[in-house]
Amino acid sequence: MNTLTTFIPGKVVSWKRNRVHKGRTFRDSEGIAYRKVVATFARAACPVQQLQAPIRVTLLIGYKRPGSRPKLKSGTIPAEAWASGQRVLFPSTNGHDIDRLQGNVYDGLSDAGVIGDDGHIVGCEVIKFYVAVGEVPGLTLTVEECGWLI
C-alpha cells in the first residue's frame, strides 16, 4: 500500500466559508493560497499518480513556541512540561479548531490529484502541539492507502 509523507513548514491556515455580500462572493484568499502550497508538497511526495480509497490521514500540526508558558482558559500547561523544551499539546479556543484546520489540507490533496476526493478519507488523526525548542513549526502530513477491513 502506498504512503505519502511530507513536511510543510509554516502556519497551517484554517478553512473559512466563502462570504456573500450584496450579491458578490468573497473567497478566502489566504486559504486558497495554502491549498496550493499543500497541493505542491503533496504532489512532489506522492509515490503514485493517485492514492486509492480507502485513505487514512494523519496531521501533526506544530505551532510556534511562545517565549513564556501560555495561559489557557481550561487550565495551565504544567511548568515542568513546558520547561522540558519538548513538544507540548496545544489546546486552544481562538480559531484553531481541528475541523477547520483539516479543510484546506484535504482540499489541497484533492486539488493535487493525490486523492480523488476527500470523501475517500475513512480515518484521520489530528494532533496540535507547540514545537520543541529549536524545532520548525509546520504540518507533518501522512496520507496512506489502507485496507478495507477494520
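Values below: all heavy atoms of this structure, side chains included; hydrogens, waters and symmetry mates excluded. Predicted, not measured: the structure shown is a model, and the values here were computed from it.
- With contacts defined as side-chain heavy-atom distances shorter than 4.5 Å, the pair Val136/Val131 does not qualify.
- For residues 59-69, the side chain to side chain donor-acceptor pair (under 3.5 Å) pairs, not counting sequence neighbours, are Tyr63-His96.
- Once rounded to the nearest 0.5 Å, the distance linking OH of Tyr106 with CD1 of Ile115 reads 8.5 Å.
- Closest approach of Gly31 to Asn104, counting heavy atoms only: CA-ND2, 3.6 Å.
- For the pair Leu139 and Phe41, the minimum side-chain heavy-atom distance is 4.5 Å or more.
- A continuous path of ILVMFWY side-chain contacts below 4.5 Å connects Val126 to Val13, so both sit in one hydrophobic cluster.
- Between the side chain of Asp97 and the backbone N or O of Asp99 there is no donor-acceptor pair closer than 3.5 Å.
- Between Gln52 and Glu145, the shortest heavy-atom contact is N-OE2, 2.8 Å.
- Separating the CD atom in Glu144 from the OG1 atom in Thr5 is a distance of 8.0 Å, to the nearest 0.5 Å.
- At least one side-chain heavy atom of Ile77 sits under 4.5 Å from a side-chain heavy atom of Pro70.
- Across every non-hydrogen atom of Ser14 and Leu101, the tightest pair is OG-CD2, 3.5 Å.
- Scanning all heavy atoms of the two residues, the minimum distance from Arg56 to Cys146 falls at NH2-CB, 3.3 Å.
- For the atom pair CD of Gln102 and CG of Asp118, the computed distance is 10.0 Å after rounding to the nearest 0.5 Å.
- Between Trp148 and Ala53, the shortest heavy-atom distance links the atoms CZ2-O, 3.4 Å.
- Between Tyr130 and Pro66 the shortest side-chain heavy-atom distance falls below 4.5 Å.
- Sorted by first and then second residue, the salt bridge (Lys or Arg N to Asp or Glu O under 4.0 Å) pairs involving residues 30-50 (not counting sequence neighbours) are Lys11-Glu30, Arg35-Asp107, Arg35-Asp111.
- Considering only heavy atoms from C-beta on, Leu109 comes within 4.5 Å of Val143 through its side chain.
- Side-chain contact between Leu89 and Ile127 is present, with at least one heavy-atom pair separated by less than 4.5 Å.
- Evaluation of the salt bridge (Lys or Arg N to Asp or Glu O under 4.0 Å) test over residues 126-136, restricted to residues two or more places apart or in two chains, returns Arg87-Glu135.
- Taking hydrophobic clusters as Ile, Leu, Val, Met, Phe, Trp and Tyr residues chained together by side-chain heavy-atom distances below 4.5 Å, Phe129 does not share a cluster with Ile61.
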Could you please spell out the steps behind the side chain to side chain contact (heavy atoms under 4.5 Å, CB included) verdict for Thr142 and Val57? CA-CA 6 Å; Thr142 303; Val57 178; over 6 Å; no
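- In this structure, Val88 and Trp82 have side chains that are in contact, with non-hydrogen atoms separated by less than 4.5 Å.
- Annotation: the span from Leu60 atom CG to Leu141 atom CG amounts to 9.0 Å, rounded to 0.5 Å.
- The shortest side-chain heavy-atom distance between Val105 and Leu59 falls under the 4.5 Å cut-off.
- Of all heavy-atom pairs spanning Gly147 and Pro54, the tightest one is O-CG, 3.7 Å.
- Under the 4.5 Å side-chain heavy-atom criterion for Ile, Leu, Val, Met, Phe, Trp and Tyr, Val38 and Val48 are members of the same hydrophobic cluster.
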